[in-house]
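Heads up: the structure comes next, in structure tokens.
Small disclaimer: the values here were computed from a predicted structure and weren't measured. Whatever order the structure lists ligands and atoms in, that order sets their numbers, starting from 1.
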Amino acid sequence: MLVHLQGPWTPVLGRLTLQQIPYENPILLGTFTFVAVLAIAILAATTYFGKWEYLWREWLTTVDHKKIGVMYCLLGLIMLFRGFIDALMIRTQQAIAVGHEAPGYMGAVHGYLTPFHLGQIFTAHGLIMVVFAATPLLVGIMNIIVPLQIGARDMAYPYLNALGLWLTTAGAALVMVSLFIGNFAHGGWYGFVPYFELPYSPGVGVDYWIWTFQLSAIGTSLGSINLIATIVKMRAPGMTWMRLPIFTWASLSTNLIALTSFPVLMVSLALLALDRYVGTHFYTAGMGGNLMLYSDLFWVWGHPEVYFLILPAFGMMSEIIPTFSEKPLFGYATMVIASFAIGGVSWGVWLHHFFTMAASPSVNSFYSVTTMLVGIPTGVKVFNWVFTMYRGRVRYELPMLWALLALFLLLVGGMTGMMNAFASSDYMWHNGLFVVAHFHMMVLVIAASVFGAVEYWFPKVFGFKLEQKWGKWFFWFMILGTGWTFVPMFLLGFAGMTRRLDYIPYMQWSPYLHVMLVGMVFYVLAVCFFVAHLYVSLRDRVSNRAGADAWGTGRSLEWMTHSPVPAYNYAFIPHINVLDEWAWRKENGLTELHAGDYEGIHMPKNTGIPLFLGMLFMGLGFALIWRIWWLALLCVALIVGLIILRSFDRDTDMTIPAHEVERVERGARDETPATARSAGMPGGAVTAHSALRPGTDGIGGGTTSTNPSWAPMDR
Ligand code: HEA
Ligand code: HEM
Ligand SMILES: [Cu+2]
């Protein structure tokens, strides 16, 4: 144990010494100063405005699924920005470092970044974008929307929900700490064995990578258990499986992937940790170890993971497109089947990430075919969306624009994915920029869907719509950025450029690299427009107030409750009669929420324990990274102690009294613009859309539109 550790090591602070602070690096020093000033400003402002109590009561200790979801999204947005800065640095470095000769020795500097620093940047970019930006954004939106869509008052396990958030946040915070104390892994986001083993990566970078990844994996697994339990057990009366809104179906399929695949990631990281910390040989040749075991285990998670990311995005598109086409979703049942088909097949394709690693041709062929199979259910979805729009009254508002962009990017990313799926062609461009361009198209599908979903559901959560002008500038500049950045990347991929280069010897590639830099300028402008979009929306929030059915043509249940949604979601749990319940109620003039006397509502109580557990897990991660054993033991003891303490706490719930519910309901009723309450919104329902009643236009989801046992609202 510890035989390979290099450098000073003390029992008190482990490997942590002052030399680990990168004060000689001006970029990091500048970043640190910026972050420190920002943090001090935020802390000072919170104190000045006396907001600590509010922050603690309403946010830090909350177990409300909507607030937890909002915090997940905030975390995702912050990390998206961090990942974007990384991307900016990679692109700038490569544009500067083109045309240089090969360095004669390791560490030669071309451009403005050392190879070591650049390596950390692309590794951090990849990891952050996948697990700390995309995942929290998607999990956040599922957290907010799923309980609303199924008529539940919260998640099945509100406490676990908060714990998942704080564990993920702890992982993200540790990545940020690695900027200023020590360094991050520099061998790529998915790690390599034996390169990530101690003898070859003796620094703390890989340890940071292991523990941040591990924390996020635990957080996401907890979240998936919660969402599955919620969808299975908490549906409102009458909500049979085939009446489940499509986004909820997408959430279920995606969380089944998460629940089954994340444990594999945890195991693969744990085995690597054992190799590094205890000297086992799971992944080293000899002593019974096998380095292919790592590739297999990692990608057995890694591939299903990308479908874990894309399925909720598909769910968002499936909600937005019908709302803005003013028609039911075409082929509801096939959409559901396709989600599960994608989820199922995703388990049998992982080897396509290492076709070149000497499997036999027959093995490669098997995985080629399974990979291509995914095109069928995905194609089903694509055609269903197109048929939903066909002869619909399409409104090109912002959510719809984003959904259409996602659809377009999916075609580009999907078709190039198919090209990778041929082992024979992948041999030529594996580890090249073509693959990188393929997957950026795909992850931008996620980004576009998320931006669409934020536009779409924002009024539900905050009670007002985002403005459209700056939002459209943001949208168009994202398209410009994407075109200018990734079209050249495809071309460079064809020209043979490999990924992760810190300098590029071929001058012929210089124009492409500079065009990509122009793309980044468009992206930077897009970020500015995004900020303006948020600012103007906040400024004009009163005039942009939205009603319950903010877009007028919402179809699923969440549009039935007030915007913003009260703490208890529904004062009366609705009875579900059909698929697209809200659309059906509007057509039948049955939109009233009130049903008799109000009663007290039983809800979970706030608790600070998940936040403390998150902090302690962060401390544990830090201690393990730096091998400060006493601190690790202390954190473990406190974690166990806190969990035991919580198990004795019987005071975990409360009742919102009936008069309070009544007050909130009356307030919401008075505030809601009358037009938004039911059919009168632009393009709204009753007269104009009676022809679009589900099941009557021949292309609906096959529901019946009459149900004799209908009651306005059940308890
Ligand atoms: C959200 C993320 C996401 C998604 C959804 C996908 C979807 C797909 N991916 Fe991708 N992929 C990644 C993210 C993603 N990928 C990442 C991150 C990596 C690299 C990681 C790394 O190395 O760092 C990668 C790498 C990767 C490789 C490895 C390449 C290499 O390393 O050399 C391969 C190889 O087969 C592949 C294939 C595919 C295929 C076939 C699909 C299919 O699911 C696409 C299906 C969609 C369509 C085909 C379009 C719509 C369909 C129709 C309109 C119907 C008609 C069409 C047909 C029947 C063909 N991907
Ligand atoms: C603004 C948009 C983005 C830009 C400009 C961008 C740019 C880049 C660049 C330049 C690289 C390095 C390419 C190389 O190896 O030469 C890269 C790698 C990568 N990006 Fe992005 N990216 C963006 C968004 C995203 C998003 C949203 C995700 C995921 C959700 C993502 C995931 C990755 C991954 C996984 C890698 C591979 C890292 C590695 O090689 O280890 N990117 N990106
Ligand atoms: Cu894959």
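Rounding to the nearest 0.5 Å places NE2 of H514 at 8.0 Å from CD1 of I96. In this structure, R91 CZ and T485 OG1 are separated by 7.5 Å, a value rounded to the nearest 0.5 Å. The CG atom of L405 sits 11.0 Å away from the CG atom of L410 when rounded to the nearest 0.5 Å. Residue R82 holds its CZ atom at 8.5 Å from OG1 of T31, rounded to the nearest 0.5 Å. To the nearest 0.5 Å, atom CZ of residue R499 and atom CE of residue M489 are 10.0 Å apart.
Here H352 fails the criterion, with no N, O or S atom under 2.8 Å of atom 10 (Fe) of ligand 1.
Centroid-to-centroid, the aromatic rings of F314 and W385 come within less than 6.0 Å. Aromatic pair W476/F529: centroids not less than 6.0 angstrom apart. Ring centroids of F490 and F434 are separated by less than 6.0 Å, placing the two rings close together. Centroid-to-centroid, the aromatic rings of W301 and F298 come within less than 6.0 Å. For an aromatic pair to be called close, the ring centres must be under 6.0 Å apart, and F122 with W189 fails this. Taking the six-membered ring for Trp and the full ring otherwise, the centers of F262 and F308 sit less than 6.0 Å from each other. For Y195 and Y200, the ring centers sit 6.0 Å or farther from each other.
Under 4.0 angstrom from ligand 1, the non-hydrogen atoms of N420 come from both its backbone and its side chain. Neither the backbone nor the side chain of W429 has a heavy atom within less than 4.0 Å of ligand 1. The side chain of D426, and not its backbone, has at least one atom closer than 4.0 Å to an atom of ligand 1 (non-hydrogen atoms only; side chain from C-beta on).
Counting atoms of ligand 1 from 1 in the listed order, those under 4.0 Å from a heavy atom of T378 are 45 (C), 46 (C). The distance from ligand 1 to the heavy atoms of V435 drops below 4.0 Å at these ligand atoms: 29 (C), 30 (C), 31 (O), 32 (O). Proximity to H353 (heavy-atom distance under 4.0 Å) selects the following atoms of ligand 1: 18 (C), 24 (C), 25 (C), 26 (C), 28 (C). For ligand 1, the atoms sitting less than 4.0 Å from at least one non-hydrogen atom of I446 are 1 (C), numbered in the order shown with element in parentheses. Below 4.0 Å from some heavy atom of M418 lie the following atoms of ligand 1, by number and element: 40 (C), 48 (C), 59 (C).
For F354, the closest heavy-atom approach to ligand 1 does not fall below 4.0 Å. Residue contacts with ligand 1 leave out Y427, since none of its heavy atoms falls under 4.0 Å from the ligand.
Judged purely by atom type and a 3.5 angstrom limit, S425 has no side-chain atom pairing as donor or acceptor with the backbone of A421. Side-chain atoms of T356 never come within 3.5 Å of backbone atoms of Y427 as a donor-acceptor pair (strictly under, hydrogens ignored).
Of the protein's heavy atoms, V306 CB, 3.4 Å lies nearest to atom 2 (C) of ligand 1. Closest to atom 41 (C) of ligand 1, if we only count protein heavy atoms, is Y307 OH, 3.6 Å. For atom 6 (C) of ligand 1, the closest heavy atom belonging to the protein is M442 CG, 3.7 Å. With respect to atom 50 (C) of ligand 1, the closest heavy atom belonging to the protein is V382 CG2, 3.9 Å. Here the heavy atom of the protein found nearest to atom 49 (C) of ligand 1 is G414 CA, 3.7 Å.
Residues M441 and V445 have side chains not in contact (no heavy-atom distance under 4.5 Å, counting atoms from C-beta outward). When side chains are defined from C-beta on, H438 counts as touching M442, because their heavy atoms get closer than 4.5 Å.
Of the N or O atoms in W189, one or more lie within a sub-3.5 Å distance of an N or O in ligand 1. Ligand 1 has no nitrogen or oxygen under 3.5 angstrom from a nitrogen or oxygen of L411.
In this structure, a donor-acceptor pair under 3.5 Å is absent between the side chains of W299 and Y190. Under the 3.5 Å distance criterion, with hydrogens and angles disregarded, a donor-acceptor pair is assigned to the side chains of Y523 and T482.
Considering each of A313, G417, G379, the one bringing a non-hydrogen atom nearest atom 39 (C) of ligand 1 is G417. For atom 11 (N) of ligand 1, the nearest non-hydrogen atom from the set R499, M428, H438 comes from H438. Between atom 20 (C) of ligand 1 and the options W299, F434, Y367, the minimum heavy-atom separation is to W299. Looking at M415, M441, H430, it is M415 that brings a heavy atom closest to atom 56 (C) of ligand 1. Comparing F122, F439, F422 against atom 17 (C) of ligand 1, the shortest heavy-atom distance belongs to F439.
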Ligand 2 N/O to protein N/O, distances under 3.5 Å:
unit_1: ligand 2; atom_1: 15 (O); unit_2: R500; atom_2: N; d: 2.7
unit_1: ligand 2; atom_1: 16 (O); unit_2: R500; atom_2: N; d: 3.0
unit_1: ligand 2; atom_1: 20 (N); unit_2: H125; atom_2: NE2; d: 2.8
unit_1: ligand 2; atom_1: 20 (N); unit_2: H440; atom_2: NE2; d: 2.8
unit_1: ligand 2; atom_1: 22 (N); unit_2: H125; atom_2: NE2; d: 2.9
unit_1: ligand 2; atom_1: 22 (N); unit_2: H440; atom_2: NE2; d: 2.8
unit_1: ligand 2; atom_1: 40 (O); unit_2: R499; atom_2: NH2; d: 3.1
unit_1: ligand 2; atom_1: 40 (O); unit_2: R500; atom_2: NE; d: 2.6
unit_1: ligand 2; atom_1: 40 (O); unit_2: R500; atom_2: NH2; d: 3.0
unit_1: ligand 2; atom_1: 41 (O); unit_2: W189; atom_2: N; d: 2.8
unit_1: ligand 2; atom_1: 41 (O); unit_2: R500; atom_2: NH2; d: 2.9
unit_1: ligand 2; atom_1: 42 (N); unit_2: H125; atom_2: NE2; d: 2.9
unit_1: ligand 2; atom_1: 42 (N); unit_2: H440; atom_2: NE2; d: 2.8
unit_1: ligand 2; atom_1: 43 (N); unit_2: H125; atom_2: NE2; d: 2.8
unit_1: ligand 2; atom_1: 43 (N); unit_2: H440; atom_2: NE2; d: 2.8

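A side-chain hydrogen bond (donor to acceptor under 3.5 Å, both in side chains) with W350 holds for exactly one of D296, T371, T370; it is D296.
Annotation for W473: atom CH2 does not count as buried by contact number, only 12 or fewer foreign heavy atoms lying within 6.0 Å.
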>> Run the side-chain hydrogen bond (donor to acceptor under 3.5 Å, both in side chains) test on W402 and Y456 for me, step by step, so that the C-alpha distance in whole Å, both residues' side-chain angles and the decisive distance to 0.1 Å come before the verdict.
In response: CA-CA 10 Å; W402 285 112; Y456 183 58; over 6 Å; no
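Taking a cut-off of 2.8 Å, the protein N, O or S atoms nearer than that to the Cu ion (ligand 3) are H303 ND1, H352 NE2, H353 NE2.
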